[in-house]
Amino acid sequence: MQDPSTLASRSPRAVILIDLDCFYAQCEHVRDPALSTTTPVGIQQKNIIVTANYAARLRGVGKLMLVHDALRACPDLAIRNGEDLTHYRAYSKQIWATLRAHFPAPCAIERLGLDEFFIDVTDAPVHPDSETGQLPGDCHAVGDLAGDDLLAVEALVSASWWAHTARHHILTECGFTTSAGIGPSKLAAKLVSSLHKPNLQTVIAPAMVAVYVAGLPFRAIPGLGSSVRKALREHFPTITDSTTVADLTTLLPTAAAWARIAGARVGPTLAALCRGIDSSLVIDTPTTPTQLSVEDAFASPTPSITDLESRLFTLLQSVLARFDTELGAPAVPKSLRVTIRTRSSGFKRTSASAPVVGGLRWRADENAVLRVARGLLRKLVAGGVGGAVDVGDVNLINVALVHFDVPSSSTAAGAAQPTLLAQWARAGPRAAVLDGGGETTGPVHDRAARARLDLNDIAARIRPDLHDDDDVLVLVEHDDAADRMAILMACPFCAASVAPWSWDVHMVAHDADDNID
DNA sequence: CTGGGCTGGT
DNA sequence: ACCAGCC
Ligand SMILES: Nc1ncnc2c1ncn2[C@@H]1O[C@H](COP(=O)(O)OP(=O)(O)OP(=O)(O)O)[C@@H](O)[C@H]1O
Ligand SMILES: [Mg+2]
Ligand SMILES: [Mg+2]
């Protein structure tokens with residue numbers, strides 16, 4: 001028998017991906033039961049029908065379709081405005097809470113967007129209904145489950161029953177129908193989840209994954225986005241939308257070949273995904289998000305900077321209100337970010353952010369926050385690198401609260417806290433190894449453990465130019481809000497810890513201080 | 001006249 | 001600060 005402490009978690013996982021059917025549209029049906037599901041309903045955001053119920057889809061309305069085209073396809077489409085995500089967010093949270101209640105601790109639950117939930121049930125008990133070896137009645141299978149490795153099949157039959165009961169709970173406790181995919185990895189679960197829908201589920205056996213993936217159009221691979229597609233088309237002019245993953249593997253047979261197209265980090269990952277290999281883990285989604293933002297897009301040109309500022313203030317009020325209701329007392333945002341987009345720059349955005357000393361305490365001084373936001377907007381419109389921006393050309397504003405500091409229970413207890421920074425101030429860049437630096441023996445579920453890296457490696461990686469000669473400390477601090485480790489550098493002048501990418505500009509700021517003196 | 005968000009990497 | 005990716 002192996003020592004339990006070194007026993008690695010089972011390697012082929014049992015992963016469920018639950019996807020809410022036409023989520024925003026279903027939210028409207030749940031909120032307003034008088035709205036019949038047999039009448040076609042579309043959800044509008046500005047000029048887009050972002051999703052539609054299945055009655056509408058039968059009439060030719062698709063996702064992310066222009067309102068004009070949707071109405072042309074289905075003139076009697078009932079349209080609801082979905083620009084305010086508040087209610088959708090609330091339903092999503094309720095669904096997450098339901099899943100969390102039925103799939104506690106050893107199971108991880110990861111949320112993607114508002115309407116997808118990965119559940120890792122590898123370490124859940126065998127489902128009582130899976131004894132017969134039969135699948136749930138609404139569960140399709142890709143390929144022949146019986147032909148696969150017996151143990152693997154038992155795990156996935158049980159997982160299929162867990163998916164079935166999870167969906168049952170979401171239906172009876174929240175009122176939503178869902179579809180699901182079940183497989184030995186996140187990749188497998190995700191790819192089969194949309195095969196049979198709505199209100200159905202699909203399982204795929206481990207031995208089927210590679211061949212199934214190979215037959216898909218290559219754009220179906222999660223992680224292969226528009227940028228990589230563009231690079232692929234430039235290297236291989238023969239590539240079309242119907243090119244399959246198998247075709248691509250012929251063109252790019254090795255991870256090294258992929259790296260030349262997609263980079264040293266993404267390339268090898270994509271090479272593995274194209275072979276159906278995905279060792280990524282389901283990671284529990286933290287209860288507090290890492291950022292909170294509100295944005296508004298507007299087509300008609302804004303006549304003046306004053307007009308822009310009034311939009312900005314409305315968004316700021318909105319995001320602060322959201323912060324109060326969703327995060328409440330303990331968390332304190334440490335920085336404010338304003339982002340704009342201009343028509344002429346396509347879909348690229350430019351942003352400016354400002355740290356707020358001691359955290360953003362707008363209840364004490366709301367005007368101060370408004371002034372900071374206005375200053376950021378003016379900085380953006382004045383233009384940083386590319387010259388001034390035409391005010392009338394701005395067609396989107398985003399206001400974000402970032403870097404939440406939620407005092408952990410130990411730090412909240414009071415007493416001024418020298419903390420990690422002080423403890424490490426004398427330790428030197430290569431002295432500390434986080435958490436004893438123990439080897440991890442198997443899949444690791446928590447984010448903190450994932451960051452169990454040698455600081456020497458980190459320092460060398462992020463700023464090789466500074467690592468050896470300069471008196472710079474690299475810190476790995478626990479970000480309590482996100483429950484993950486953050487890599488920071490300690491400023492020798494002001495005792496702040498700054499992100500590596502902002503180190504240089506931080507130093508420039510100190511130079512400016514000196515000039516003032 | 002292509003949304004309104006979010007996470008993670010450099 | 002910006003980019004790429006996801007819904
Ligand atoms: N690019 C996007 N921009 C804005 N909203 C989006 C975008 N992609 C997805 N959404 C919203 O997120 C929700 C979930 O997306 P998803 O792709 O699962 O479609 P869906 O509406 O749930 O339909 P389906 O039944 O096919 O899952 C949708 O309701 C959709 O409106
Ligand atoms: Mg989805
Ligand atoms: Mg969905």
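Below, read A as the first sequence line, B as the second, and so on, with proteins coming before strands; counting in each chain starts at 1.
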Rounded to whole Å, CG of A:L64 lies from P of C:dC6 at a distance of 14 Å
In whole angstroms, the gap separating P of C:dC7 from CG of A:D21 amounts to 15 Å
Taking C:dC2, B:dG4, B:dT2 as options, the one with an atom nearest any side-chain atom of A:Y24 is B:dG4
Out of B:dT7, C:dC6, B:dG3, minimum distance to the side chain of A:L112 belongs to C:dC6
A:Q45 atom CD is separated from B:dG4 atom C1', nearest whole Å, by 5 Å
pair_partner(B:dT2), Watson-Crick or wobble, both distances < 3.5 Å, evaluates to none
Between B:dC6 and A:S293, is there an OP1 or OP2 to side-chain N/O distance shorter than 4.0 Å? yes
Point to revise | Any donor-acceptor pair under 3.5 Å from A:R233 side chain to A:I239 backbone | key: no
Taking C:dG5, B:dG3, C:dC6 as options, the one with an atom nearest any side-chain atom of A:F347 is B:dG3
message = Mind checking if A:V294 touches a base, just sugar-phosphate, or nothing, with heavy atoms under 4.0 Å?
response = sugar-phosphate
Separation of B:dG4 atom P from A:L396 atom CG, nearest Å, is 7 Å
Give a yes/no answer on whether the side chain of A:S351 brings an N or O atom under 4.0 Å of OP1 or OP2 in C:dC2.
yes
A:E295 CD to B:dG4 P, in whole Å, measures 6 Å
Per nearest nucleotide of DNA chain B, the residue lying toward the 5' end, A:R89 or A:R265, is A:R89
Applying side chain to side chain contact (heavy atoms under 4.5 Å, CB included) to A:P301 and not counting sequence neighbours gives A:R343
Review point. How is A:F23 classified with respect to the nucleic acid when contacts are heavy atoms under 4.0 Å: base, sugar-phosphate, or nothing?
Key: nothing
Against the side chain of A:K190, the closest entry in C:dC6, B:dC6, B:dG3 is C:dC6
| query | Taking the six-membered ring for Trp, is the centroid-to-centroid distance between A:F23 and A:Y91 below 6.0 Å? | reply | no
Assign A:V67 to base, sugar-phosphate, or nothing according to its heavy-atom contacts below 4.0 angstrom with the strands shown.
nothing
From the list A:R57, A:Q44, A:K63, A:Q45, side chain to side chain donor-acceptor pair (under 3.5 Å) with A:T51 holds only for A:R57
Heavy-atom nearest nucleotide on DNA chain B taken for A:R337 and for A:N395; more 5' hit belongs to A:N395
